[in-house]
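Here is the structure we will look at, set down as structure tokens.
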2 protein chains.
Amino acid sequence: MDVRKQILTQATRLFAGQGYDGTSVQQIADAVGIRKPSLLYHFKSKDELRENVIAEMLGHWNAVLPGLLLKASTEERFDATMEALTEFFIEDPDRARLFLRETLDRPQSMKAMLAKFVQPWVNLLGEQLERAKGRGLVRADVDPEAYAVEVITMAVAGTAVIDTLEVILPGTPARGSTRKRHARELIRVARSSLYTDNEGEK
Amino acid sequence: MDVRKQILTQATRLFAGQGYDGTSVQQIADAVGIRKPSLLYHFKSKDELRENVIAEMLGHWNAVLPGLLLKASTEERFDATMEALTEFFIEDPDRARLFLRETLDRPQSMKAMLAKFVQPWVNLLGEQLERAKGRGLVRADVDPEAYAVEVITMAVAGTAVIDTLEVILPGTPARGSTRKRHARELIRVARSSLYTDNEGEK
DNA sequence: CCTACCGATCGGTAGG
DNA sequence: CCTACCGATCGGTAGG
């Protein structure tokens with residue numbers, strides 16, 4: 001029964017690209033190559049399908065990020081933490097778009113998810129940044145949690161819209177290199193606004 | 001005939017909050033207090049209404065920003081430019097949400113608008129940052145246009161979702177102060193990742 | 001600015 | 001996983 005996975009894949013792609021309200025169950029069924037009632041046999045309602053799409057994304061999140069974040073933060077390589085976070089979204093822009101749309105469309109349910117899956121990590125990171133501040137490693141004027149929120153926003157939203165915003169950038173060289181240019185500058189901004197001094201990383 | 005303005009106001013509010021596809025003409029008519037066909041007398045179609053809502057936003061943009069940006073950039077107060085930009089969106093979060101949704105929903109038409117209304121300013125800013133770089137005022141590793149895109153993204157997206165993301169921030173003091181905390185850290189990040197040295201601004 | 005009404009599409013169900 | 005079908009709502013029109 002991996003028609004379920006096909007449905008989830010197509011639903012993710014369409015919800016990310018056109019939004020939940022802008023996507024009909026019919027369109028998803030067409031993309032999979034089945035009839036609408038067949039889709040509704042696997043997922044009782046459009047809303048249940050949406051919940052499963054979100055759950056799948058949070059699954060990736062929970063499988064991949066904790067290891068990266070924990071490792072990076074215990075070593076006090078905060079920039080590596082930010083790079084890992086950025087890569088998680090850049091790897092699959094649909095993830096970023098879905099996340100952003102869900103935040104706009106269902107702020108209340110997103111609040112609950114953020115409280116459960118993101119806040120603990122931001123708090124942990126915040127404490128460690130606070131300590132690093134005391135030791136002069138991190139700038140004194142940094143607001144740790146607010147800083148984390150800004151970087152997360154920049155990573156998610158930047159990745160979600162960079163293909164559209166690239167029209168602003170003049171020298172557009174090879175295909176897809178705009179994403180790299182975005183990623184590089186994002187990391188640079190995140191890093192240089194955090195540390196008291198450059199550590200000489202390329 | 002300021003029922004037209006009422007329609008535009010309610011449409012802006014509802015499109016920003018629920019999206020274009022998530023808002024029916026009926027809902028907008030109800031919010032204004034007229035019948036659906038009456039609304040469609042003022043705006044021939046839902047799509048024409050959307051275009052007018054966007055045009056109104058771009059009108060504000062063109063009326064307010066050029067002066068601010070030109071003044072700030074000729075004085076080489078780039079951080080003031082960024083502050084002005086941030087304030088433009090923070091002043092009315094619906095503006096940021098609408099802008100973000102339009103970028104997600106209609107990337108092609110947004111590309112055309114960006115090329116016309118934003119790219120010239122980013123180019124100008126880019127040239128000035130490049131010169132400031134040569135004089136050692138701005139960090140050597142800054143990618144001027146990419147930097148501008150990151151800051152714009154942070155300002156727009158941050159303002160659009162901060163009310164939802166505030167659940168991540170622990171010490172939530174007074175009402176609405178989360179927005180100020182967001183604005184302060186955004187400016188700090190933008191500034192400290194741009195200049196070679198602190199100029200001592202509070 | 002209204003009443004009355006239209007065809008098309010929506011999410012979803014019955015029943016096999 | 002399908003055919004057949006449902007009531008509700010969609011954007012929009014006729015006509016006044």
Side-chain angles (χ1 to χ4, degrees), chain A residues 1-57 94 97-98 101-110, chain B residues 1-57 94 97-98 101-110:
Chain A
M1 291 299 176
D2 81 329
V3 75
R4 252 187 85 99
K5 190 169 280 180
Q6 278 188 67
I7 295 171
L8 285 172
T9 302
Q10 296 302 325
T12 300
R13 191 177 58 81
L14 289 165
F15 286 162
Q18 321 178 345
Y20 177 79
D21 289 314
T23 304
S24 64
V25 176
Q26 186 66 251
Q27 278 182 296
I28 302 168
D30 287 348
V32 175
I34 58 175
R35 305 290 175 179
K36 190 174 58 168
S38 309
L39 189 155
L40 289 167
Y41 162 77
H42 293 284
F43 299 91
K44 270 184 288 188
S45 69
K46 188 188 182 184
D47 196 71
E48 194 189 291
L49 176 55
R50 199 205 80 242
E51 280 172 13
N52 276 272
V53 165
I54 301 294
E56 203 197 27
M57 188 184 67
D94 277 349
R97 279 186 268 264
L98 201 64
R101 282 191 186 278
E102 198 66 9
T103 307
L104 288 168
D105 289 345
R106 269 162 290 277
Q108 289 314 316
S109 94
M110 185 51 75
Chain B
M1 291 297 177
D2 81 330
V3 75
R4 253 189 85 99
K5 190 168 279 179
Q6 279 188 67
I7 295 172
L8 284 171
T9 302
Q10 296 302 325
T12 300
R13 190 177 59 82
L14 289 165
F15 286 163
Q18 322 177 345
Y20 178 78
D21 289 315
T23 304
S24 65
V25 176
Q26 186 65 251
Q27 278 182 296
I28 302 168
D30 287 348
V32 175
I34 58 176
R35 306 290 174 180
K36 189 173 58 167
S38 308
L39 189 155
L40 289 167
Y41 162 77
H42 293 284
F43 299 92
K44 269 183 288 189
S45 68
K46 189 187 182 185
D47 196 71
E48 195 189 291
L49 176 54
R50 199 205 80 243
E51 280 171 13
N52 277 273
V53 165
I54 301 295
E56 204 196 26
M57 188 185 68
D94 277 349
R97 279 187 268 263
L98 201 65
R101 282 190 186 275
E102 198 67 9
T103 306
L104 288 169
D105 289 345
R106 267 162 293 274
Q108 288 314 316
S109 95
M110 185 50 76

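This is a predicted model, so every value here is computed, not measured. Quick note on labels: first sequence line is chain A, next is B, and so on, each numbered from 1. As a basis for the values below, the full set of heavy atoms in this structure was taken, side chains included, without hydrogen atoms, waters or symmetry mates.
Side-chain atoms of A:K46 do not come within 3.5 Å of backbone N or O of A:D21 as any donor-acceptor pair. For A:T23 (side chain) and A:L14 (main-chain N/O), a donor-acceptor pair under 3.5 Å exists by modelled atom type. Here the side chain of B:Q27 pairs a donor or acceptor atom with the backbone of B:S24 at under 3.5 angstrom. Here the side chain of A:R101 pairs a donor or acceptor atom with the backbone of B:L104 at under 3.5 angstrom.
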Convert the base pairs of DNA chain D into dot-bracket notation, remembering that pairs crossing earlier ones are written with [ ] and that bases paired across to another strand are shown as |; include only Watson-Crick or G-U pairs under 3.5 Å. ||||||||||||||||
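Counting only heavy atoms from C-beta outward, the side chains of A:Q26 and A:L39 never approach each other to under 4.5 Å. The shortest side-chain heavy-atom distance between A:E102 and A:L98 does not fall under the 4.5 Å cut-off. You'll find the side chain of A:R50 reaches within 4.5 Å of the side chain of A:R106, heavy atoms only.
Contacts between residues 32-41 of chain A and DNA chain C, defined by a heavy-atom separation below 4.0 Å, involve A:K36, A:P37, A:L40, listed by number. DNA chain C is contacted by A:T23, A:S24, A:V25 of residues 2-26 of chain A, taking any non-hydrogen atom closer than 4.0 Å.
For residues 5-16 of chain A, the side-chain hydrogen bond (donor to acceptor under 3.5 Å, both in side chains) pairs, not counting sequence neighbours, are A:Q10-A:R13.
To the nearest 0.5 Å, atoms CZ (B:R97) and CG (B:D94) are separated by 5.5 Å.
Closest non-hydrogen pair, B:I28 versus B:I7, comes out as CG2-O, 4.2 Å. The shortest heavy-atom contact between A:G22 and A:Q18 is O-OE1, 3.2 Å.
Residues passing the side chain to side chain contact (heavy atoms under 4.5 Å, CB included) test with B:L40 are B:V25, B:K36, sequence neighbours excluded.
Protein chain B contacts DNA chain C from C:dC1 to C:dA4, reading 5' to 3' and using non-hydrogen atoms of the protein with a distance under 4.0 Å.
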